[in-house]
Amino acid sequence: MRTLDRYLIRETLGPFALALALFTFLLWVQPMLKTAEMFIAKGAPIQTIGYLLLTLLPQALGITVPMAFLAGVVMALGRFSGDREAVAMMACGVSPVRLIRPMMLLAAVAAGATFYVLVWLMPDANQSFRDVTFQLMKKMAAEDIRPRLFYEGFTGRVILIGERKTDGGWTEVMVADTSVAGRPSIQLAQEGRLVADEPARLVNVILSEVASYRPLDSGNEYQIQRSKEEVAHIDPTSVFGDGASPGRGFNELTMAQLDAQAAEKVAAGQSPHNEIMYKHQRFAFPLACLVFAIVGVALGVSTRKDGKLAGFAIGIGVIMAYYGIMTLFDGRAKGGAFPALWARWMPNIILGVVGVALLWWRTRGAMPMPAWLAVRWPAILTPRAIAAAAGPGKVVLVIRYPRLSLPRPSLMDVYVGRKYLRTVILAFVGLMALYYIGEFIELSEKLSKGQATMPMIAQYFYYATPKFIYFIVPLATLVAVLTTLGGLARTNELTVLRACGISLYRTAVPLLALALISSGLMFALEDRVMAHSERQAEVLRNEIRDRPQRTFNVANRSWMIGRGGELYHYAVFDVRAKTLHQLSIFKTARNPYRLTSHTFATQAVFIDGAWQATDGWEQTFDDKGRVRRTAFKSEALPLEEPGFFGAEQFEAEFMSYGELQTYIEELDQSGISFAAHKVELQRKVAFPFVTMVMTLIAIPFGVTLGRRGALYGIGLAIVLAVAYLLVSTLFIAFGVAGWLPPVLAAWATNIVFAAAALTALLTVRT
C-alpha cells in the first residue's frame, strides 16, 4: 500500500466515524432515549433496558454504515480539495481515478460489515427487542394508569386515580365495573395497587379502605358495603394478551424465512414482491458502499476551495437521492409495473452510472459551455463608470440619496451573522433531511405491508415537521456557532479582531442575538403550531403503526371529571343538540374517599343557558351508609357549559402553554396537584432557551477547537447534545417524582450548562 493510499484511508476514517455517530444519533439514539425513559419510568431493570438498546444497534448500523461511508469519503476529499492538495496531485499528473483504489478498499470493508449486520445480526436482534418490549409492556400495565385520566384499557373496567405514590401504589382510587351497560358498579378506595402474576394468569387491583356501591337487580337502589380491603379482578387477556409473541416483520425474518414466506404466497396465488425486495435489500445496501466510493470520489475531488462541511452537505444530497430513487421503484414494483427483483438495485445502478459519468468528466477537465448557453449580463456600473460609458458630449444625471443615520449592525456584525446564517441553514437542511430519511425507513415496512400509503405518510410528515424543527434547531445552532467561530479562529480573523480592540464578547454579540430570536421562534412554534399539529401527527402515527387511537375530540366520551371533582358518566353527547343521554353524576368526599350522591337523568338538554334534566332520580349517601332516593320528572342541574363536554382533552404534550396553564388551574381548584403537568408547563418555557445555552457553550469551544476544523465541531456538537438530553431527562424525572420543584426541574439543565459555559467564557482568551 502506497503512501497516498494510507494517507487517504487515514483521512477518511475520522470523518466516517463522526458521520456514523451523527447519523446514528439523529436516526436512532433519540428513539432509544425515549424507550429508555419510558421503561425507567415503568421501573424496568437497568440491565434489561441496556439489552434493549443494544438490540436496536444492528438495524441502526445496517442503514447508517453506508450513509456514513459516503459522508466520510466526500468530507475527507472535500478537505483534500480545500487545502489545494487535489490541485497539487493533478499538477503532478495523478488522475482522480487513482483515488478509487483506497476508497474501494474501505468500501469493501464497510460492505462486508453491513452485509454481516443485515443478514445475521439484525433479524434476531430486532425480534429480541420486540419480544422483550412486548413482555415488559404487559408486566408494567400499571404505569399506563395516570393520575386524573380515566383508564379504559382493561375489559369491562374503568380506573381513575388521584395521585401515584413513590412505591407504585395509588391514592383515591375509583374502579367502575361497566360490564352491564347503564348500571356501573363503583368502588372507591383510599389506596390501591395493581398486582399481576403472568404464570398464574392473574391480574388484581388490591383496594384498601373501600366503599362499594353496587346497583341491585331492580336498578333503583344501591347495595353499599364498606371493608378494609377488596380485590377487583381484571381480565388477564387485557394485560397479557393471548400469550402469543408478536409475529416477525420483514426486518425480523431471516433469509430462509423470507424465501419460505415468498414460496407460500406464490402457492396461494399472491405476489411475493415485499419478500423479494427485502431479501435483495440485504445485498443491495452493502454493495451501495462500492457505488458510494465512486460517487464520493467524483463529487469530492475538485479544484474549488471546498471544505468538510460542504462535503457533508453533498453527502446528504446523495443519500436523499438514493432513498428517493428507491421509493420510486418500490412504488412501481408494488403496482406491478416494475420487477420486484430489481427495485432495490435501481438506486445502485442509477447512482453508479452517474458516478462513473462524473468521474469521467473529472478526468477530462472542465467541460466548456456551449455558445448558445452563454449569456452576457451587463455589469452594475458606478456613476463614474456610467459617465465614462456615455462618452463625451453627453449629459449624465446622477442622483444621490441622503444617508439616514439609523442604528444598525456594524460591518463585523453583518459579516459574522452572514457566516453563521449560511452555516445554520446548511446544517438545518442536512439534519432535517436525515430526520425525514430515518422516519421514512422506519415506516417503509408499514408501506410494504399495505398498512400505509404514500399520501398518508406525506400527510404525517406534514404534521410532524414542526416537531422535527423544534428538536433540530438547537443542534443546528450548536453546529453553526462552533463552525463559525472555528472558521474565524482557523483563518486568524479572531486574532485580527483582537488586534483592532474587538474582544471575543463583542464578536459573539450577533450570535447571541440570533440565538435569542431563534428561542422566541421556537416558543412560538411549540405554543402555536406544534401543540396542535402533534395531535394530527399522533392520529396518523397510530393509524400507520396499527396502534389504538388516543381519545382527543370525542363527542361520545364515556367518563369525564368536572371542575369541582364530580365524575360524569354518559352514553352519548350530541354536540349539535347540546344533549347528554343516560347521564350519571357521582359526587365524592375525602377522608375517607367515598360517594356522597349519584344523580341520574335519562336526558339532559342545555336550554336558555341552563341544563334541564328529565326522567331521573338522585340518591344521597351519608357517612353511615344510609341511602336516600328522590325521583324527578324535570329538574335543572348545575353542570358545566356544553363546551366542557365537547372540548378536546389532551395530555400535556398536546396542549399549548395557555391550555395547559388553564388545565392546571382547574386541577388546583379541585384540590389535586398534578406534578407532571406542572413540570411540563415550565419545560415549555425553559426548552426554547436551549439555543441561547448552546450558543454560550459553543463560544469557548469554538475558539479553542476551531483550528481543528468543522468536523470536530460536528463531533463536539453530538457529545454536547447527548449530554444535554441525558441531564434534562434526569431532572425532568426528578420533577415528576416530586423530588424537585417543577420550576427547578425544568430549568435546572439550562442553569447547569449556562453556568459551565459562563465559567469557560471567563477563562478563554478574549
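Listed by chain and number, the residues in a side-chain contact (heavy atoms from CB on, under 4.5 Å) with Pro466 are Leu525, Val529, Met530, Ser533 (sequence neighbours excluded). With sequence neighbours excluded, the residues forming a ring pair (Phe, Tyr, Trp, His ring centres under 6.0 Å) with Tyr322 are Phe292, listed by chain and number. Listed by chain and residue number, Gln682, Arg683, Ala686 satisfy the side-chain contact (heavy atoms from CB on, under 4.5 Å) test with Ala746 (two or more places apart in sequence, or in another chain). Leu20 meets the side-chain contact (heavy atoms from CB on, under 4.5 Å) test with Phe16, Thr24, Leu61, Thr64, Val65, Ala68; sequence neighbours excluded. The salt bridge (Lys or Arg N to Asp or Glu O under 4.0 Å) test applied to Arg528 returns no partner, not counting sequence neighbours.
Inter-residue side-chain proximity for Met694 and Val481 is flagged as unmet; no heavy-atom pair is nearer than 4.5 Å. Using a 4.5 Å heavy-atom threshold, the side chains of Val74 and Val295 count as separate. Between Tyr436 and Thr465 there is a side-chain heavy-atom pair separated by less than 4.5 Å. Contact check for Leu485 versus Leu511: side-chain heavy atoms found under the 4.5 Å cut-off. At a threshold of 4.5 Å between non-hydrogen side-chain atoms, the residues Leu514 and Thr695 do not count as touching.
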- Item | Test salt bridge (Lys or Arg N to Asp or Glu O under 4.0 Å) applied to Asp5 and Arg10, step by step | CA-CA 9 Å; Asp5 297 333; Arg10 186 171 61 249; over 6 Å; no
- Message: If you apply the rule side chain to side chain contact (heavy atoms under 4.5 Å, CB included), what do you find for Phe701 with Ile697, and how did you get there?
- Response: CA-CA 7 Å; Phe701 278 113; Ile697 293 174; 3.8 Å; yes
- Assess whether side chain to side chain contact (heavy atoms under 4.5 Å, CB included) is satisfied between Leu696 and Leu512, documenting all intermediate values. CA-CA 8 Å; Leu696 290 172; Leu512 293 171; 3.8 Å; yes
- Task: For the pair Met522 and Ile469, evaluate side chain to side chain contact (heavy atoms under 4.5 Å, CB included) and give the outcome as yes or no after the intermediate values.
- Result: CA-CA 9 Å; Met522 281 182 63; Ile469 295 174; over 6 Å; no
- Task: Let me see the working for Leu290 and Ile294 under side chain to side chain contact (heavy atoms under 4.5 Å, CB included), right down to the final yes or no.
- Result: CA-CA 7 Å; Leu290 303 178; Ile294 299 173; over 6 Å; no
- salt bridge (Lys or Arg N to Asp or Glu O under 4.0 Å) between Lys684 and Asp527: does it pass, once the steps are laid out? CA-CA 8 Å; Lys684 288 179 181 292; Asp527 192 60; over 6 Å; no
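Here the closest heavy-atom approach between residue Leu77 and residue Gly296 is recorded as CD1-O, 3.7 Å. Nearest heavy-atom pair across Val693 and Ala754 is CG1-N, 4.0 Å.
Here Arg418 does not pair with Asp413 in a salt bridge; the nearest charged N to carboxylate O distance is not below 4.0 Å.
Within the 3.5 Å criterion, the main-chain N or O of Thr749 finds no donor-acceptor partner in the side chain of Ser728. Looking only at distances, no side-chain donor or acceptor of Tyr323 sits under 3.5 Å from a matching main-chain atom of Pro347.
Within the structure, the ring-ring contact (aromatic ring centres under 6.0 Å, His included) test picks out the following pairs touching residues 680-700 (sequence neighbours left out): Tyr470-Phe687, Phe471-Phe687, Phe689-Trp747.
The CD1 atom of Ile502 sits 11.5 Å away from the CZ atom of Arg498 when rounded to the nearest 0.5 Å. Put simply, CD1 on Ile732 and CD on Glu680 are 7.5 Å apart, with the number rounded to the nearest 0.5 Å. The CE atom of Met67 lies 11.5 Å from the SG atom of Cys289; values are rounded to the nearest 0.5 Å. Rounding to the nearest 0.5 Å places NZ of Lys419 at 5.5 Å from CG of Leu488. Expressed to the nearest 0.5 Å, how far CG of Leu681 lies from CD of Gln661 amounts to 6.0 Å. Remark: Ile319 CD1 to Ile63 CD1 distance equals 11.5 Å, nearest 0.5 Å.
Side-chain atoms of Tyr420 and Thr483 include no donor-acceptor pair closer than 3.5 Å. A donor-acceptor contact closer than 3.5 angstrom is absent between the side chains of Glu526 and Tyr657. Thr691 and Thr477 share no donor-acceptor pair across their side chains, judged by distance under 3.5 Å alone.
The neighbour count for Tyr7 OH, taken as heavy atoms of other residues, nucleotides or ligands under 6.0 Å away, is above 12.
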